Protein chains: 2
Amino acid sequence: MPRNRRPRDREAKSAEIVEAAATLFAQVGFDKTSMASVARSAGITTTTIYWYFQDKEALLVAVLDHLLTEMLQGLQAQAAHSWTDRLLWVVERLQEHSKLVTAVHALSATSTTVATWHSAFHELTDALLAEELRQSGVDAAQIPAMARLGVFTIEGLLMHPLPREEQRAVLELLSARP
Amino acid sequence: MPRNRRPRDREAKSAEIVEAAATLFAQVGFDKTSMASVARSAGITTTTIYWYFQDKEALLVAVLDHLLTEMLQGLQAQAAHSWTDRLLWVVERLQEHSKLVTAVHALSATSTTVATWHSAFHELTDALLAEELRQSGVDAAQIPAMARLGVFTIEGLLMHPLPREEQRAVLELLSARP
DNA sequence: ACCTGAACACCGTTCAAGT
DNA sequence: ACCTGAACACCGTTCAAGT
């Protein structure tokens, strides 16, 4: 048996499943999306999904990886824009996927797979934010705590929809630092 | 038929169910706790729960109300302590129920019942925090945004466990205000 | 009024069987 | 290697039947 026989097809197929799942997870939510509906949307049988992914949680992690890759590409594509414009772009993207954020938080308490992804994700975002803060000339000693405060604020805004002005007031207060 | 016939018994029974559910929801999580296990823990049949609560979400709201009442009483009981001591007490209590917090966030996106409870809860906590800030002599115009930033930070710390020192660093940065 | 046992539609997952 | 249909254990919820 030859290794990597038709790897292209396998990847294409699993990508289709991931895309179908990504749409449904974002719109309907992870818990309320059945494996059957993912299969239907991908034009396959429920059991076929299990040939590509170990279980529903593994499918979620694949979806998260896919969205993260997309987001990092989108971020790179607009490197020309200002720091605050890019931050707003990230917030908007995350807002579209707030149901995924809550799902990750909920599952992190029980699933080690998701918990691992979650902390890796925050290591990445913390590093990105820290680098931006460093370039803004922020005192090095305060950077880690500030990066965390930034992440917490963004997640808070996702979880608690506020009128635009109040949202801006919070962000302004956050960035009003000595 | 007399109104309020044996209201004591009815309340006592539903309180037993709520307490059983509160323990399981906090330990196992809302989604992973079955109505059957709540019933078993309360010494009744699954269907009996539905005589006291419309559905699983209504049971969750009853649990949340119960915990909130307990927390407000506990807060009042230690009115003598300092403001920061009381805040730490609240954070510790919430940490024990972080699974409830994620459940509320996740369900708020789809359930109007839970979403309503969620915003009522935050109106209350915002008011409490704002009052504390007012008494600390904070500029009135900045209070609403500061209260929100405080809530977001507390929730962020619940969702992303950090070493004690880093946790303190974030809280210190938050309270380091002109 | 209160509680139950049997039943319903649905869920994630498995497995023997096909190609 | 890849995909399926039938089956399994479980879930939240309903309902007719009991007291």
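Given the structure is predicted, the values throughout are model-derived calculations rather than measurements. Just so we're on the same page: letters track the sequence lines, and every chain starts at 1.
- Atom CE in Met35(B) sits roughly 6 Å away from atom P in dT13(D) (whole-Å rounding).
- Nucleotide dA1(C): paired with dT19(D) (Watson-Crick or G-U wobble, both distances less than 3.5 Å).
- Not a single donor-acceptor pair, N or O on each side, falls under 3.5 Å between the base of dG5(C) and the side chain of Thr45(B).
- No more than 12 heavy atoms of other residues, nucleotides or ligands sit less than 6.0 Å from atom CD of Gln76(B).
- In this structure, Trp51(A) atom CH2 and dA17(C) atom P are separated by 20 Å, rounded to whole Å.
- Contact annotation for Ser14(B): no contact, since no heavy-atom pair falls under 4.0 Å across all strands.
- At least one donor-acceptor pair closer than 3.5 Å links the side chain of Thr153(B) to the backbone N or O of Leu149(B).
- Ser34(A) comes within 4.0 angstrom of sugar-phosphate atoms only, judged by non-hydrogen atoms across all strands, and of no base.
- Looking at which nucleotide of DNA chain C each of Gln54(A) and Ile44(B) is closest to, the 5′-most match is held by Ile44(B).
- dC2(D) atom P lies 12 Å from atom CD of Glu11(A), rounded to whole Å.
- Taking the six-membered ring for Trp and the full ring otherwise, the centers of Phe152(A) and His160(B) sit less than 6.0 Å from each other.
- What separates CD of Glu57(A) from P of dG12(C) is a distance of 12 Å, to the nearest Å.
- Residue-level contact check: Ser37(B) touches neither bases nor backbone, having no heavy atom under 4.0 Å from any strand.
- The nearest whole Å value for the distance from the CD1 atom in Ile49(B) to the C1' atom in dC11(D) is 13 Å.
- Under 4.0 angstrom from either OP1 or OP2 of dT4(D) there lies at least one side-chain N or O belonging to Thr48(A).
- The separation between Asp31(A) atom CG and dC10(D) atom C1' is 15 Å, rounded to whole Å.
- With Phe30(B) as the aromatic partner, Lys56(B) meets the cation-pi criteria of under 6.0 angstrom to the ring centre and within 45 degrees of the ring axis.
- The nearest whole Å value for the distance from the OH atom in Tyr50(B) to the P atom in dC2(C) is 19 Å.
- When both distances must be under 3.5 Å, the Watson-Crick or G-U wobble mate of dG12(D) is dC8(C).
- Between His105(B) and His105(A), the distance from one ring center to the other does not fall under 6.0 angstrom.
- For dA1(C), the OP1/OP2 oxygens have no side-chain nitrogen or oxygen of Arg10(B) closer than 4.0 Å.
- Atom NZ of Lys32(B) and atom C1' of dC10(D) are 14 Å apart (whole Å).
- Distance from the side chain of Lys56(B) is smallest for dG12(D) among the nucleotides dG12(D), dA6(C), dC3(D).
- Across all strands, Tyr52(B) comes closer than 4.0 Å only to sugar-phosphate atoms, never to a base (heavy-atom distances).
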